[in-house]
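Structure first, then comments.
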Amino acid sequence: MTEMREWSYGGTELAWPQDRLGRRAAGPGHVVSELVPSGYEAYVRIFHRFEATDGSGRTITWQARAKDSAVPFHAELSHWWLRSEGRNLGHSLWQVQDGALDDSSRRALARVLAGVTDDQDVYFVYDLAALLWGEETPLVRRAPLADLETVREAVRDVVGDSGPEFWWPQDRSWVVTTDYDLLSTYVGCSAETAELLLDDDELETIPVTPHTRVDWETDRPQHP
C-alpha cells in the first residue's frame, strides 16, 4: 500500500504563503487564491507556450489556438476545449508542459521581474515536487533572481525539470506560482508590475482574480 506523507510548513520559508492560501467559499474546481497568496493588488495568468511535437521548433499561442477552436481567449480557458486536444495531451501536434514555464516565457518573466526587484535575493521553493521525489522537507534555495537557471539546474537531479513552484523576493512584493500539475503560471503583484507583465510581447498573459478557476474542468467558454 502506498504510504501517504505530508509535512508541516511551520518554521519553513513556505509558512507565510501557506498562511495566505485558501478560498472563502466552497465551489467547483480550484481557484487562484489556492495557489497565490492573498493581499496583492493584481493577479496575472501566464500561459505556458505550446510547442510542436514534430521537432520543428514551432510554437503557437493559446490565443491563436482558441481562435482556431472558436472559443474566446479567456481567464479560465482550459486546453480541454481546444480543437484536437480532447482530454489527452499525448496525442496532439501541440504539447504544453505542466509544472514548468517554457524556457522562453520563464526568461521573459525573470527579465520583467528583475526590473522591479533591484538587487535583493529571491527565494526559490519546490513543494509538491520535493514531496513526490522523496524529500523530507520543502526544497528552498535563496539566490539572486539572475541565478534562476542556475538554481533549476542544481536541483534537476532532485526534483526533475519542474518549477520552481514558488518564487518571491525578500520584500514579498510579488510571488510566482507554477503548480506541479497545471499548464499556466500565476503571479501576484502590484498593479504596476501586472501592467508590465500584461504588456510584454514575449509573455502570453491575461488578468485574473483570486476567484478565477485554475483547474482543467472549467465550463467551456462561449462567444457572447
Side-chain angles (χ1 to χ4, degrees), residues 1-24 29-40 43-46 48 96-103 105-107 109-110 112-114 116-189 193 197 208 210 212-216:
M1 185 173 67
T2 302
E3 179 184 0
M4 299 300 293
R5 299 190 302 121
E6 60 182 35
W7 48 47
S8 170
Y9 295 103
T12 74
E13 296 297 344
L14 267 172
W16 80 268
Q18 291 295 327
D19 287 345
R20 287 165 52 177
L21 295 179
R23 61 192 303 174
R24 293 182 178 179
H30 297 280
V31 297
V32 171
S33 63
E34 295 176 80
L35 297 180
V36 187
S38 62
Y40 288 96
Y43 295 84
V44 175
R45 177 181 179 180
I46 303 175
H48 299 180
V96 58
Q97 186 172 2
D98 55 352
L101 264 172
D102 57 277
D103 292 346
S105 298
R106 190 174 59 252
R107 288 193 296 267
L109 175 58
V112 173
L113 294 177
V116 298
T117 306
D118 300 322
D119 60 353
Q120 58 185 304
D121 279 351
V122 172
Y123 292 94
F124 302 102
V125 182
Y126 294 81
D127 183 18
L128 179 59
L131 177 66
L132 294 176
W133 282 64
E135 294 298 298
E136 295 300 324
T137 61
L139 192 62
V140 181
R141 296 292 184 270
R142 177 176 168 176
L145 183 55
D147 288 348
L148 168 60
E149 298 306 318
T150 302
V151 169
R152 295 187 77 248
E153 185 61 34
V155 301
R156 191 181 305 276
D157 289 343
V158 181
V159 291
D161 199 36
S162 65
E165 289 169 72
F166 297 94
W167 31 308
W168 67 83
Q170 288 175 277
D171 65 4
R172 302 176 184 173
S173 56
W174 50 262
V175 61
V176 176
T177 300
T178 303
D179 186 87
Y180 191 78
D181 293 320
L182 297 183
L183 308 178
S184 291
T185 287
Y186 294 83
V187 182
C189 55
T193 299
L197 294 171
V208 293
T212 301
R213 281 182 60 180
V214 301
D215 58 285
W216 295 358

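Just so it is clear, the structure is predicted and the values come from calculations on it, not from any experiment. Both backbone and side-chain heavy atoms feed into the values below; hydrogens, waters and symmetry mates do not.
Without hydrogens or angle criteria, Q97 side chain to D102 main chain gives no donor-acceptor distance under 3.5 Å. H48 places a side-chain N or O within donor-acceptor distance of the main-chain N or O of A100, the cut-off being under 3.5 Å. Here the side chain of E13 pairs no donor or acceptor atom with the backbone of V140 at under 3.5 angstrom. No donor-acceptor pair closer than 3.5 Å links the side chain of R152 to the backbone N or O of P164. The backbone N or O of S38 sits less than 3.5 Å from a side-chain atom of R20, completing a donor-acceptor pair.
Between R106 and E149 there is a salt bridge, with a side-chain nitrogen of the basic residue lying less than 4.0 Å from a carboxylate oxygen of the acidic one.
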Exercise for review: Apply the test side chain to side chain contact (heavy atoms under 4.5 Å, CB included) to residues V125 and E165: give CA-CA distance (whole Å), side-chain angles for both, the deciding distance (0.1 Å), then the verdict.
Suggested key: CA-CA 6 Å; V125 182; E165 289 169 72; over 6 Å; no

**Study point:** Candidate pair L182 and W216, rule side chain to side chain contact (heavy atoms under 4.5 Å, CB included), full reasoning
**Key:** CA-CA 8 Å; L182 297 183; W216 295 358; 3.9 Å; yes

**Study point:** side chain to side chain contact (heavy atoms under 4.5 Å, CB included) assessment of E34 paired with V214
**Key:** CA-CA 9 Å; E34 295 176 80; V214 301; over 6 Å; no

Practice item. Tell me, with the steps shown, if D171 and Q120 meet side chain to side chain contact (heavy atoms under 4.5 Å, CB included). Key: CA-CA 8 Å; D171 65 4; Q120 58 185 304; 3.1 Å; yes

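S162 and Y180 get closest at one heavy-atom pair: OG-CE1, 3.9 Å. For the residue pair S184 and R45, the shortest heavy atom distance occurs at OG-NE, 2.9 Å. The shortest non-hydrogen separation linking L197 to L109 is CD2-CD1, 3.6 Å. Closest heavy-atom contact between G29 and D215: CA-OD1, 3.3 Å. Summarising the geometry of A110 relative to L148, their closest heavy-atom pair is CB-CD2, 4.2 Å, with the distance given to 0.1 Å. When every heavy atom of P37 is checked against every heavy atom of L21, the shortest pair comes out as N-CD2, 3.4 Å.
T185 contributes atom OG1, which lies 3.5 Å from atom CG of L101 (distance to the nearest 0.5 angstrom). Remark: D179 CG to F166 CZ distance equals 8.0 Å, nearest 0.5 Å. Residue W174 holds its CH2 atom at 15.0 Å from OH of Y43, rounded to the nearest 0.5 Å.
Considering only heavy atoms from C-beta on, D121 stays 4.5 Å or farther from P169 through its side chain.
Not a single side-chain hydrogen bond (donor to acceptor under 3.5 Å, both in side chains) links Q18 to another residue, sequence neighbours left out. For Y123, the ring pair (Phe, Tyr, Trp, His ring centres under 6.0 Å) partners at least two apart in sequence or on another chain are W168.
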